Visitor: 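Below you will find the structure I want to go over with you.
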Amino acid sequence: PFLGILPRRFAGDVDDPQLVVRYVYPGSPAAAAGLQPGDRIGSLAGTEVTDVDSAREILLPLAPGDLVKLEVRRGEHTLLLDADLARLPEALPGELPPARESVPPDEEDASPVGVVDVKVPEIANDCMAYVPEGYNPRIDHGVIVWLHAPGGFKQEELLARWQQHCDDHDFILLAPKSADGAAWRPTDVRMIRRLLDKIRDDYATDPTRIVVYGHQGGGALAYVLGFSQQDVVRAIAAVDTALPRMIRPPETDPLKPQAIFSTLATKTETSEAVKRGVEQLRTLKYPVTVLEVGEQARDLTPDEIAKLVRWFDTLDRV
């Protein structure tokens, strides 16, 4: 069930974060009910809302189409509103306002930042992470697990494409390498999960914004990793990749929600396979956002990466 808002994000030491509206999706139940950015939601369906997690717990047993009553504080006024819940959206929203207020740096935190070599015992694979220079453990960061296409990647080019987005939107980029630097194997899932757990142990992370992204063969592994690790992964982004035939996606689980992002080139040998995979996922009630990239398959442009990052930034929607 989807109310139609993005919540404001707060530093971990805020005594009373509540649920403050950052953004209202146009055409959503929240918009129809009259919610506005800056509103504080005090209760949903007759139950007090203390923060965004409590709101999700209240909505969890409900379904699209259910009517919920909201108590909303707007300045000095209290409003009573009704909203008919909808399904999770697939369209990308427009430009978004900042997710949080600026937070002073933590002078005492000694967590490594910038380019970090990630090492896990018994795993020989090389793996780099980029942690924003302004990392603050009071702010939960999303994690982008970036899976390269066949042939590996150049670190400088990767950072040029992703570093600023990580700095601007509180994301940590995790980029493991396959064993031979070329092709991924299904057995690499265990290795990547351990590297991801290392990042989750060492840094403050946002469980609603853990995503796996892959291009071509990396996209195929993104599907494998995402569906096999639903306890952690909240979104899968596959570029120039059809849903692999060997995968049978599980039924949508409200306790482990996942969203899918796929690109579609209209005149390639895999175009129909991509379309079939999208329809299969939608039949299973996954929200699937499709970005058409023209007639021929290719990697994402800088503008398209910005759209993808905006999609990542909406994964904590309510």
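Because only heavy atoms are used, hydrogens play no part in the values below, and waters and symmetry mates are left out as well, while side chains stay in. Nothing here was measured: the structure is a model prediction, and the numbers come from that model.
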Visitor: Ignoring hydrogens and angles, state whether a donor on the side chain of D167 or Y130 is under 3.5 Å from an acceptor on the partner side chain.
Guide: yes
Visitor: For this output row, return yes or no: ring centroids of H148 and W184 closer than 6.0 angstrom.
Guide: yes
Visitor: How long is the span from the CG atom in L70 to the CG atom in L44, to the nearest 0.5 Å?
Guide: 5.0 Å
Visitor: Does a salt bridge link D126 with K177, judged by any charged N lying under 4.0 Å from a carboxylate O?
Guide: no
Visitor: Quick check for you: to the nearest 0.5 Å, what is the distance between I144 atom CD1 and I210 atom CD1?
Guide: 10.0 Å
Visitor: Is the shortest side-chain N to carboxylate O distance from D170 to R209 below 4.0 Å?
Guide: no
Visitor: So, are D206 and R200 salt-bridged, with charged N and O less than 4.0 Å apart?
Guide: no
Visitor: Rounded to the nearest 0.5 Å, what separates atom NZ in K69 from atom OG in S43?
Guide: 10.5 Å
Visitor: Could you tell me whether R56 and D53 have a side-chain N and a carboxylate O separated by less than 4.0 Å?
Guide: yes
Visitor: Answer yes or no: is there an ion pair linking E156 with R161, defined by an N-O contact shorter than 4.0 Å?
Guide: no
Visitor: Would you please indicate yes or no on a ring centroid separation below 6.0 angstrom for Y25 and F2?
Guide: yes
Visitor: State which residues pass salt bridge (Lys or Arg N to Asp or Glu O under 4.0 Å) with D109; sequence neighbours excluded, sorted by chain then number.
Guide: none
Visitor: A quick test of your reading: do over 12 heavy atoms of other residues, nucleotides or ligands sit less than 6.0 Å from CZ of R100?
Guide: yes
Visitor: Quick one: do R276 and E279 make a salt bridge, cutoff under 4.0 Å?
Guide: no
Visitor: Apply salt bridge (Lys or Arg N to Asp or Glu O under 4.0 Å) to E107 and list each qualifying residue two or more places apart in sequence or on a separate chain.
Guide: none
Visitor: Could you tell me whether R193 and D197 have a side-chain N and a carboxylate O separated by less than 4.0 Å?
Guide: yes
Visitor: Looking at E272 and K275, does any basic side-chain N land under 4.0 Å from a carboxylate oxygen?
Guide: yes
Visitor: So how far is it from M191 CE to R185 CZ, rounded to the nearest 0.5 Å?
Guide: 8.5 Å
Visitor: Do the side chains of E251 and K285 get close enough for a salt bridge, i.e. N-O under 4.0 angstrom?
Guide: no
Visitor: Going by the rule salt bridge (Lys or Arg N to Asp or Glu O under 4.0 Å), which residues pair with R8 if we only count those two or more places apart in sequence or in a different chain?
Guide: E101
Visitor: Quick check on the 6.0 Å ring-centre criterion: do W162 and F171 meet it?
Guide: no
